[in-house]
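A, B, ... follow the sequence lines: proteins, then strands. Residue 1 opens every chain.
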2 protein chains.
Amino acid sequence: MRHHRSDVVEHAIAVLDAYGLADLTMRRLASELDVRPSALYHHFANKQTLLAAVADELLARGLRPVDEGEWDVRLTQAASQVRDALLAWRDGAELVATVHAFGLGGRAAYDHVAEALEGCGLDEQWRATAARTVLHLVFGHATAEQTHVQASSAGAIDGEVAAVDDFSDGLSLVVAGIRAEVDSRRAS
Amino acid sequence: MRHHRSDVVEHAIAVLDAYGLADLTMRRLASELDVRPSALYHHFANKQTLLAAVADELLARGLRPVDEGEWDVRLTQAASQVRDALLAWRDGAELVATVHAFGLGGRAAYDHVAEALEGCGLDEQWRATAARTVLHLVFGHATAEQTHVQASSAGAIDGEVAAVDDFSDGLSLVVAGIRAEVDSRRAS
DNA sequence: ACCTGAACACCGTTCAAGT
DNA sequence: ACCTGAACACCGTTCAAGT
């Protein structure tokens, strides 16, 4: 019953999806792997590092190349992909947002969004600001949506639909703001 | 040595600011109040409820009425006030963002931003979406900035200045997006 | 109304030692 | 390389009982 790093990450994702982030403890994960808690520290320096690896894996599983085309379509697709990657697992948004805020992992999300903005006509500084703004919306919205699974079963369906619409509306707001900046650069 | 709810909240803010959110534990707070941990449960049902009260108090201390004027100026001022209210205390952004995501408190932040959008020409649905988008930016940006106090002392000053600029640039992006939506409504 | 005492069921992490 | 055993220093929460 000996394991590799990848086994640990895989089981961690399973625990996350089945029991939620609060129950993804080192002790719980260890018992799921049929191992003592201290064994996990052979694979990861600490829990934060393990969570960062889990976050990176969630993103790696959810992100694929965005289609060629105009920057605004690409950006919308990239942001939606990140969102979907987070929402695909229980507490996925909170996990990735926490890891990202801590500065350890989740870098792939930023890169994915930033790449879609290349060649939009803004300089690197503005593209970075725009990418971070989009990412804050994606993380914040997905976290709020995922944490708010405290609705009635009837209302939950309406709530989900409303959340999808609200996200795409919010994203269109940010995209419109970026477009205004792009146009002002083109005019001058 | 008997205390009221307000004493507990006040001491909780002091512990937060001095030691950070991770060290704001029920046991730590109790010992700071010279009381057994179980005594806290006479004032609050659980830790989440206590944190919600702390978040509300932080916002109450930082928010004041925004000036009369155009919606975009008011919105910028409101968003900056929320941001400043969070940054005024150690881990203030993470605390309020967490409480807000959990849906218990921090409602004042949304109300403050939403109020600035009244009379901008958008219907209530769009104003709510715009307010949430701004709030995601404020929370996300402030949390990232506050968590990233892991720079060299020399670089830290530059980092702070850069963060302020990046926030106001990101905010101007969102404001421009809202303006585009306002103008499209006016045209039709 | 506000607090104590004592317990319950947990955490993350370290480290010497085993195979 | 990977794991055990045993410990250390913590958590949030409950509840009968005290004043």
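Residue H42(B) contributes atom NE2, which lies 14 Å from atom C1' of dG18(D) at whole-angstrom precision. With rounding to whole Å, M26(A) atom CE is found 12 Å from dC11(C) atom P. The NE2-P distance, from H4(B) to dA1(C), rounds to 11 Å in whole Å. If you measure from atom CG of D23(B) to atom P of dC11(D), you get 8 Å, rounded to the nearest angstrom. In this entry the distance linking OH of Y41(B) with P of dC11(D) reads 12 Å, nearest Å. If you measure from atom CZ of R36(A) to atom P of dA1(D), you get 23 Å, rounded to the nearest angstrom. Taking atom CZ of residue R2(B) and atom C1' of nucleotide dA1(C), one finds them 6 Å apart after rounding to whole Å. When rounded to the nearest whole Å, the span between CG of L40(A) and P of dG12(C) equals 10 Å.
Taking atom P in both dA9(D) and dC10(C), one finds a spacing of 22 Å when rounded to whole Å. Rounded to the nearest Å, the gap between the C1' atom of dC3(C) and that of dA16(D) is 13 Å.
A heavy atom lying under 4.0 Å from DNA chain D marks the following residues of residues 43-55 of chain B, by number: N46(B), K47(B). Near DNA chain D, meaning a heavy atom under 4.0 Å from it, residues 8-22 of chain B has no residue at all.
No donor-acceptor pair closer than 3.5 Å links the side chain of R74(A) to the backbone N or O of L117(A). Formation of a donor-acceptor pair under 3.5 Å by the D7(A) side chain with backbone atoms of H4(A) is found in this model. A donor-acceptor contact shorter than 3.5 Å is absent between the side chain of E57(B) and the backbone of E10(B). R83(B) contributes no side-chain N or O that, together with a main-chain N or O of V138(B), makes up a donor-acceptor pair within less than 3.5 Å. A side-chain donor-acceptor contact under 3.5 Å links Q146(A) to the backbone of A93(A). T147(A) contributes no side-chain N or O that, together with a main-chain N or O of A144(A), makes up a donor-acceptor pair within less than 3.5 Å. Distance alone, capped at 3.5 Å, is enough to place a donor-acceptor pair between the R127(B) side chain and the L122(B) backbone.
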Verdict with reasoning, I178(A) to W71(A), per side chain to side chain contact (heavy atoms under 4.5 Å, CB included)
CA-CA 10 Å; I178(A) 299 171; W71(A) 68 265; 3.6 Å; yes
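Dashed line: the shortest gap from a side-chain N or O of T25(B) to OP1 or OP2 of dC11(D) is under 4.0 Å. Contact between the side-chain N/O atoms of H3(A) and the OP1/OP2 oxygens of dC3(D) is found at a separation under 4.0 Å.
Stem regions for DNA chain D, each three or more consecutive Watson-Crick or G-U pairs with both distances under 3.5 Å and listed by first number, read C:4-8 with D:12-16, C:12-16 with D:4-8.
Put simply, V175(A) and L173(A) are part of the same group of oily side chains (I, L, V, M, F, W, Y) that touch within less than 4.5 Å, one to the next. Linking Ile, Leu, Val, Met, Phe, Trp and Tyr residues whenever their side-chain heavy atoms come within less than 4.5 Å leaves L87(A) and L16(A) in two separate clusters.
At least one side-chain heavy atom of H100(A) sits under 4.5 Å from a side-chain heavy atom of L135(A).
Using modelled atom types and a 3.5 Å distance limit, the side chains of N46(B) and T49(B) yield a donor-acceptor pair.
Checked against dA7(D), dT19(C), dT13(D), the side chain of R27(A) finds its nearest nucleotide in dA7(D).
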